[in-house]
2 protein chains.
Amino acid sequence: MPVDCGDCPIRHRAVCARCESEELEHLEQIKYYRNFEAGQTVIWSGDQMDFVASVVSGIATLTQTMEDGRTQMVGLLLPSDFVGRPGRERAAYNVVATSDMVMCCFRRKPFEQMMMRTPHIAQRLLEMTLDELDAAREWMLVLGRKTAREKIASLIAIIARRDAALNMQGMRGPVVLDLPLTREAMADYLGLTLETVSRQVSALKRDGVISLEGKRRVTIPDMGRLLEEAGDDSDGGMPA
Amino acid sequence: MPVDCGDCPIRHRAVCARCESEELEHLEQIKYYRNFEAGQTVIWSGDQMDFVASVVSGIATLTQTMEDGRTQMVGLLLPSDFVGRPGRERAAYNVVATSDMVMCCFRRKPFEQMMMRTPHIAQRLLEMTLDELDAAREWMLVLGRKTAREKIASLIAIIARRDAALNMQGMRGPVVLDLPLTREAMADYLGLTLETVSRQVSALKRDGVISLEGKRRVTIPDMGRLLEEAGDDSDGGMPA
DNA sequence: CCCACGGATTGATCTGAGTCAAGGATTCCT
DNA sequence: AGGAATCCTTGACTCAGATCAATCCGTGGG
């Protein structure tokens with residue numbers, strides 16, 4: 001648990017990324033940390049929510065549920081991602097910690113006031129929201145038009161990409177990563193059943209697109225191949 | 001085609017909603033109108049895009065396409081909606097006019113500069129983007145977890161809701177509306193085929209959930225019933 | 001050590017939506 | 001009026017993914 005924003009691991013990616021030292025000091029005064037264990041619910045859709053927060057470490061999911069229990073994940077919250085909406089009283093989604101997690105919280109009212117005064121925060125939040133909107137739209141293509149196999153390949157590719165971004169390692173050669181989600185969570189992400197997820201993961205393994213070590217650790221021998229399977233075909237690497 | 005922002009039909013809902021007269025004057029100087037005919041493409045994904053814009057009148061769609069032709073709508077642009085992203089060089093989606101349409105465009109660079117200086121614009125854009133993100137997430141539930149029948153009912157409900165919002169009419173009693181989309185566009189919206197859309201529209205009609213006058217005009221005798229069919233069950237109206 | 005439990009796999013079967021194909025209804029053009 | 005787009009509807013058949021069900025595997029507890 002960091003205490004000083006200067007030492008914060010998400011300092012340069014979170015809502016506060018653009019803040020200057022003076023502004024940071026102000027934020028320090030209204031922030032507080034909260035810890036969650038894997039599996040714990042942060043908040044239920046519809047509940048009063050008088051804070052907003054950044055994920056400092058760990059992973060959480062944003063899900064929507066129908067009365068009959070069908071659930072769809074609508075967001076995957078990774079370190080530096082923002083939770084909550086300024087000006088909104090009640091949570092719009094269920095937020096559940098998927099791993100042990102630390103959040104940096106701000107009481108909503110003071111945060112809103114501060115946002116009015118410091119354009120740096122609003123600017124950064126706009127940028128982050130636009131990125132999330134792009135991600136949501138990519139996801140809509142996956143949900144609406146891709147086959148089960150393509151969906152699984154897409155998910156693995158997305159995780160590989162953000163791992164690469166985080167670790168600053170390019171995607172030359174084989175990539176190794178850990179799935180941060182259970183088969184069931186993957187199913188909720190992709191609009192499938194867990195059985196189908198399991199089958200398609202097995203199929204990709206059988207076909208040599210990925211290999212598995214345990215249930216969670218995935219090795220991708222050829223990223224280009226994976227992207228093909230995802231139907232992404234952004235062609236990944238240039239020749240030569 | 002309005003010329004004076006003061007007379008603009010979307011004055012109080014678009015990005016410029018919060019601007020004061022002085023700021024509006026500045027916007028007036030960099031704005032220009034463009035007209036599109038139904039069916040015309042505004043921009044292709046990947047193309048250079050050196051403007052951003054507001055839809056003044058008419059309707060456009062935002063779509064993503066895979067190489068093999070599968071397409072998914074990722075946004076439906078109605079009057080006052082914003083097109084383009086500050087700081088982005090190239091279009092991320094195809095934008096196609098579905099009806100005759102008028103756009104109020106701003107060259108991107110001057111707009112970006114102005115955004116830096118006038119928080120009112122950035123604030124409003126943030127708010128609009130957050131709304132779009134919410135809409136995208138609701139849509140994800142529709143795409144990932146609803147049946148074809150529920151998808152159609154959901155789409156009709158969404159259109160009914162925004163019509164109600166626009167015309168300031170509540171949703172008491174029967175609601176009449178025009179579908180702004182062809183069956184094919186509805187299919188692209190919902191991740192279905194046009195045949196399935198046609199069948200399910202017929203089924204909802206057969207079952208008395210809606211009635212049709214021509215192909216496009218829909219009457220909803222009982223909104224509660226429609227919401228049930230959509231699986232939304234936000235229960236719509238209170239008793240008494 | 002044995003058992004229980006949660007997550008994962010795999011098989012058998014069913015079904016909702018896709019595919020392929022044949023028309024019908026409007027509207028526009030000549 | 002005739003022809004031909006464009007859009008829509010409907011039917012017959014197929015198949016990808018859901019459902020139902022049995023089993024496996026790793027881990028933690030008594």
Side-chain angles (χ1 to χ4, degrees), chain A residues 37-40 61 66 68-72 96 98-99 142-156 178-207 210-218 229 231, chain B residues 37-40 61 66 68-72 96 98-100 142-155 178-207 210-218 229 231:
Chain A
E37 289 174 21
Q40 216 182 332
T61 61
M66 295 170 67
D68 62 7
R70 281 178 282 176
T71 86
Q72 174 66 51
V96 179
T98 289
S99 65
V142 172
L143 287 171
R145 292 303 185 190
K146 292 196 178 178
T147 65
R149 170 182 263 244
E150 288 170 334
K151 284 178 175 182
I152 299 293
S154 298
L155 175 57
I156 296 175
D178 283 302
L179 297 174
L181 301 173
T182 65
R183 299 290 122 111
E184 188 179 19
M186 289 171 68
D188 286 344
Y189 189 109
L190 298 170
L192 297 170
T193 60
L194 67 148
E195 293 95 326
T196 299
V197 170
S198 185
R199 274 186 248 274
Q200 295 299 335
V201 170
S202 300
L204 288 176
K205 176 177 156 190
R206 181 171 1 90
D207 299 346
I210 59 173
S211 61
L212 288 180
E213 188 184 337
K215 315 284 184 192
R216 295 298 193 85
R217 172 145 299 184
V218 176
E229 291 287 355
Chain B
E37 288 175 23
Q40 214 181 335
T61 62
M66 296 170 67
D68 62 7
R70 281 177 282 176
T71 87
Q72 174 65 53
V96 179
T98 288
S99 65
D100 289 349
V142 172
L143 287 172
R145 293 301 185 191
K146 293 197 177 177
T147 64
R149 170 182 263 243
E150 288 170 335
K151 285 178 174 183
I152 299 292
S154 298
L155 174 58
D178 282 302
L179 296 175
L181 301 173
T182 65
R183 298 288 123 110
E184 187 180 20
M186 290 170 67
D188 286 344
Y189 190 110
L190 298 170
L192 297 169
T193 59
L194 67 144
E195 292 96 326
T196 298
V197 170
S198 185
R199 274 187 251 273
Q200 296 299 335
V201 170
S202 300
L204 288 176
K205 175 178 157 190
R206 181 172 0 92
D207 299 344
I210 59 173
S211 62
L212 289 179
E213 187 184 337
K215 316 284 181 189
R216 296 296 194 87
R217 171 146 299 185
V218 176
E229 292 285 356

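This one's a predicted model, so the numbers in the text were calculated from it and none came from an experiment. Note on naming: letters A, B, ... go to the chains in the order of the sequence lines (proteins, then strands), and numbering restarts at 1 for each one. Every heavy atom of this structure was used, including side-chain atoms; hydrogens, water molecules and symmetry mates were not.
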Which side-chain N or O atoms in residues 193-201 of chain B pair as donor and acceptor under 3.5 Å with protein atoms at least two apart or in another chain?
from: B/Thr193; atom 1: OG1; to: B/Thr196; atom 2: N; distance (Å): 3.3
from: B/Thr193; atom 1: OG1; to: B/Thr196; atom 2: OG1; distance (Å): 3.0

Under a 4.0 Å heavy-atom criterion, the protein footprint on nucleotides 5-21 of chain D, written with B, S and -, is ---SBBBB----SSBB-
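Under the side-chain contact (heavy atoms from CB on, under 4.5 Å) criterion, A/Lys205 pairs with A/Ile210, A/Leu212, sequence neighbours left out. Every residue two or more places apart in sequence or in another chain that forms a side chain to side chain donor-acceptor pair (under 3.5 Å) with B/Arg149 is listed here: B/Asp207, B/Glu229. Shown here are the side chain to side chain donor-acceptor pair (under 3.5 Å) partners of A/Arg217, two or more places apart in sequence or in another chain: A/Asp178. A search for side chain to side chain donor-acceptor pair (under 3.5 Å) contacts involving A/Thr182 returns nothing, not counting sequence neighbours.
B/Lys151 has its NZ atom 11 Å from the C1' atom of C/dG16, to the nearest Å.
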